[in-house]
J.: 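Below is a structure I'd like to ask you about.
All figures in this text were calculated on a predicted structure; none of them were measured in a lab.
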Amino acid sequence: MMLAEEIQTTFEIDKSSWTKVKLGDVVREVRETVKDPVAEGIERIVGLEHLEPESLHIRTWGTLTDGTTFTKVFQKGQVLFGRRRAYLKKAALATFDGICSGDITVLEAKKGLLPVLLPFLIQNDKFFDLAVKNSAGSLSPRAKFADFADYELLLPPVDQQEQIAELLWAGDEAVSKGIETYNICNHYYISYRELLYLHMDGNAPLVFNSLLKENVSSSIKFTKLGSVLTDIRYGTSKKGNTQGIGYEVIGIPHVINGKLSLDSISHVSLDEKEYQSCRLNFGDIVIVRTNGNPEYTGRSALYDVDNGHAFASYLIKISVNTELYNPEFILKYLQSVAIRKYFKRNATSSAGNYNINTETIKSVPIPVVPIVKQNEIVQQLKKVEQTQNDIVAYNFNTLNLQKSLINQIF
């Protein structure tokens, strides 16, 4: 089955029996508050950070033990709309009672609108566009219910509302299942990668490796990454430009989720000697050497194009001896949980940044594996990655179908 196959997103919907209403006719804003949430038996707290863009579900929340100044009450079945920065498209169905931020508008269905349809009525592009248009404030714009209560829409009869709600919730279930499937696949991929790299011989006992701080197979021998490199160096410190002057340059923003992105490329003016010093060649690996977030330091990507980009000084380039190691094997190893922890432990902090240097990278312990076995491991991981990509494509199509249906109905 081709999961990435295009699916139909445009449908003929007969609205001849539908009635034109204003949002305020069928939806009301709930403004109830509570002084003592503990006495009322309330346990959960929802802030804007708990609402996910374009998701109907509240998957995380806070608790009263975390402390809060929130007083606005919401109940199960109501919709929480993020009125601050409405362009983020945050609106979700509450499946429990609680209190929420003042930057969240609590909405409830009135007579004529089935409550199960309300979340989809709010989660449509026309509504969000109107909310954004009427938001006030420059730094942190906020929308008021009164500003979009006159929003007009065609409302189907109640019996059709039931059918539409059933269809839309079925679509939402498909989206949720797709996300769950991807998360399971991703967890499997990470576990499988660690197993392939550190537990290659399932029959060998595990020993504690003081360098990796991990349990690894006793049959695995290690060497230093520096011993299998033909080159390692910093990039250019010259400032880039957006006028297209000079050579295209790779920086931190182009190292995303273990992949190389060539979007929004800047240029840098270099003479020939400077360019050759920071030129990337096919098969090189770039590693983020400094960042304000320690989770970013050590991120890496394979330079799998042959366009001769330059690279910036916030990155370190390594060139692998391809007679001994497959660069993709090294890349996936650098992305493993064990090595990400290794970089984090060995990063130094300076002026709010976390840094690793060439010596830290050269000291990374890597497993000594025949290149034939390396190639086999890379191919095995690629198969799992392709499954992940297929699931992502399927989820994208399913979400687009759901959004298209919602926008066409409302």
J.: What heavy-atom pair brings N215 and H199 nearest, and what distance separates the two atoms?
T.: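 For N215 versus H199, the nearest heavy atoms are O-NE2, 2.9 Å.
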J.: Under 4.0 Å between a side-chain nitrogen and a carboxylate oxygen: does that hold for K362 and E359?
T.: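 Yes, charged N to carboxylate O under 4.0 Å.
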J.: Establish, yes or no, whether a centroid distance under 6.0 Å links the rings of Y394 and Y182.
T.: no
J.: Would you say the side chain of N321 lies within less than 4.5 Å of the side chain of L229, judging by non-hydrogen atoms?
T.: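 When only atoms from C-beta onward are counted, N321 and L229 do not touch, as no gap falls below 4.5 Å.
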J.: Kindly say whether the aromatic ring centers of Y197 and F329 come within a distance under 6.0 Å.
T.: yes
J.: Ring centres of Y247 and H267 under 6.0 Å apart?
T.: no
J.: Which value, rounded to the nearest 0.5 Å, describes the distance between E194 atom CD and E214 atom CD?
T.: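 Output value for this atom pair is 7.0 Å.
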J.: I want to check something: taking the side chain as every heavy atom from C-beta on, are S300 and V288 in contact at a cut-off of under 4.5 Å?
T.: no
J.: Going through the distances and angles, do N395 and T398 end up as a side chain to side chain donor-acceptor pair (under 3.5 Å)?
T.: CA-CA 5 Å; N395 289 348; T398 306; 5.3 Å; no
J.: Sub-3.5 Å donor-acceptor pair from the side chain of R340 to the main-chain atoms of E295, do we have one?
T.: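 Flag set: sc R340 to bb E295 pair under 3.5 Å.
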J.: Looking only at heavy atoms, which two atoms of F127 and L121 are closest? And how far apart?
T.: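 Where F127 meets L121 most closely, the heavy atoms are CB-O, 4.2 Å.
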J.: So, Y87 versus F128, ring centres under 6.0 angstrom or not?
T.: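 Between F128 and Y87, which both carry aromatic rings, the centre distance is not below 6.0 Å.
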J.: Quick check against the 3.5 Å criterion: does E248 have a side-chain atom that pairs as donor or acceptor with the backbone of A310?
T.: no
J.: For atom CD of E323, is the number of surrounding heavy atoms from other residues, nucleotides or ligands below 6.0 Å larger than 12?
T.: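 Open: at most 12 neighbouring heavy atoms sit under 6.0 Å from CD of E323.
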J.: With a 6.0 Å cut-off on ring centres, are Y151 and F410 close enough?
T.: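 Ring-ring flag for Y151/F410: false, centres at least 6.0 Å apart.
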J.: Using a 3.5 Å distance criterion without hydrogens, assess whether the side chain of Q78 forms a donor-acceptor pair with backbone atoms of L107.
T.: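 Checked: no pair found.
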J.: Hey, what do you get for CG (D284) to CG (L302), rounding to the nearest 0.5 Å?
T.: 8.5 Å
J.: Starting at CD1 of I256, measure out to OG of S261 and round the result to the nearest 0.5 Å.
T.: 4.5 Å
J.: Hey, are H57 and D172 close enough side-chain-wise for a donor-acceptor pair under 3.5 Å?
T.: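 Yes, a side-chain donor-acceptor pair sits under 3.5 Å.
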J.: Under the side chain to side chain donor-acceptor pair (under 3.5 Å) criterion, do Q388 and N186 qualify, and how do the steps go?
T.: CA-CA 7 Å; Q388 287 179 301; N186 190 53; 3.0 Å; yes
J.: Find the distance between CG (L117) and CG (L168) and round it off to the nearest 0.5 Å.
T.: 6.5 Å
J.: Can you tell whether the side chains of E274 and K238 come within less than 4.0 Å, N to carboxylate O?
T.: yes
J.: For atom NZ of K15, decide whether the heavy atoms of other residues, nucleotides or ligands shown that lie under 6.0 angstrom number more than 12.
T.: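 Counting other residues, nucleotides and ligands, NZ of K15 exceeds 12 neighbours.
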J.: Drop me the distance from S218's OG to N209's CG, to the nearest 0.5 angstrom.
T.: 11.5 Å
J.: Do the side-chain N and O atoms of D390 and T387 include a donor-acceptor pair separated by under 3.5 angstrom?
T.: no
J.: Once rounded to the nearest 0.5 Å, what's the spacing between atom CG of L48 and atom CG of D103?
T.: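 So the CG of L48 and the CG of D103 are separated by 5.0 Å.
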J.: Assess whether side chain to side chain contact (heavy atoms under 4.5 Å, CB included) is satisfied between N355 and T297, documenting all intermediate values.
T.: CA-CA 7 Å; N355 310 284; T297 304; over 6 Å; no
J.: When you check the gap from the basic side-chain N to the acidic O, do D231 and K317 get nearer than 4.0 Å?
T.: yes
J.: Where is the tightest heavy-atom contact between V46 and I104, given as atom of each residue plus distance?
T.: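 What the structure gives for the nearest pair is O-CD1, 3.7 Å.
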J.: Which atom pair, heavy atoms only, marks the closest approach of F81 to I122?
T.: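 Smallest heavy-atom distance, with atoms named: CD1-CG2, 4.5 Å.
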J.: Determine the minimum heavy-atom distance between I391 and G178, stating which atoms define it.
T.: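 That closest heavy-atom pairing would be CG2-O, 3.9 Å.
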J.: With a 6.0 Å cut-off (strictly less than), is the heavy-atom count around CG of N293, excluding the residue itself, greater than 12?
T.: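 It does: N293 CG has more than 12 such atoms within range.
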J.: Determine, for Y296 and R299, whether the Lys NZ or Arg CZ falls below 6.0 Å from the six-membered ring centre while staying within 45 degrees of the axis.
T.: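 Yes, cation above the ring, under 6.0 Å and within 45°.
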J.: Check whether more than 12 heavy atoms from other residues, nucleotides or ligands sit under 6.0 Å from atom NZ of K110, and answer yes or no.
T.: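 For K110, atom NZ is crowded (more than 12 foreign heavy atoms under 6.0 Å).
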J.: What residue pairs, at least two apart or across chains, pass salt bridge (Lys or Arg N to Asp or Glu O under 4.0 Å) with a residue in residues 87-99?
T.: K89-D125
J.: For residues A165 and V116, report the shortest heavy-atom separation together with the two atoms involved.
T.: CB-CG2, 3.7 Å
J.: Salt-bridged, R31 to E29, with N to O below 4.0 Å?
T.: yes
J.: Tell me, with the steps shown, if S176 and E180 meet side chain to side chain donor-acceptor pair (under 3.5 Å).
T.: CA-CA 6 Å; S176 297; E180 180 182 349; over 6 Å; no
J.: Would you say the side chains of S17 and Q160 form a donor-acceptor pair under 3.5 Å?
T.: yes
J.: Give every donor-acceptor pair under 3.5 Å between a side-chain atom in residues 221-228 and any protein atom, sequence neighbours left out.
T.:
unit_1: T223; atom_1: OG1; unit_2: S227; atom_2: OG; d: 3.0
unit_1: S227; atom_1: OG; unit_2: K224; atom_2: O; d: 2.6

J.: Are any of the side-chain nitrogens in R28 or E108 under 4.0 Å away from the carboxylate oxygens of its partner?
T.: yes
J.: Which is it for S55 and Q123 under the side chain to side chain donor-acceptor pair (under 3.5 Å) test, yes or no, and what are the steps along the way?
T.: CA-CA 8 Å; S55 173; Q123 265 286 3; over 6 Å; no
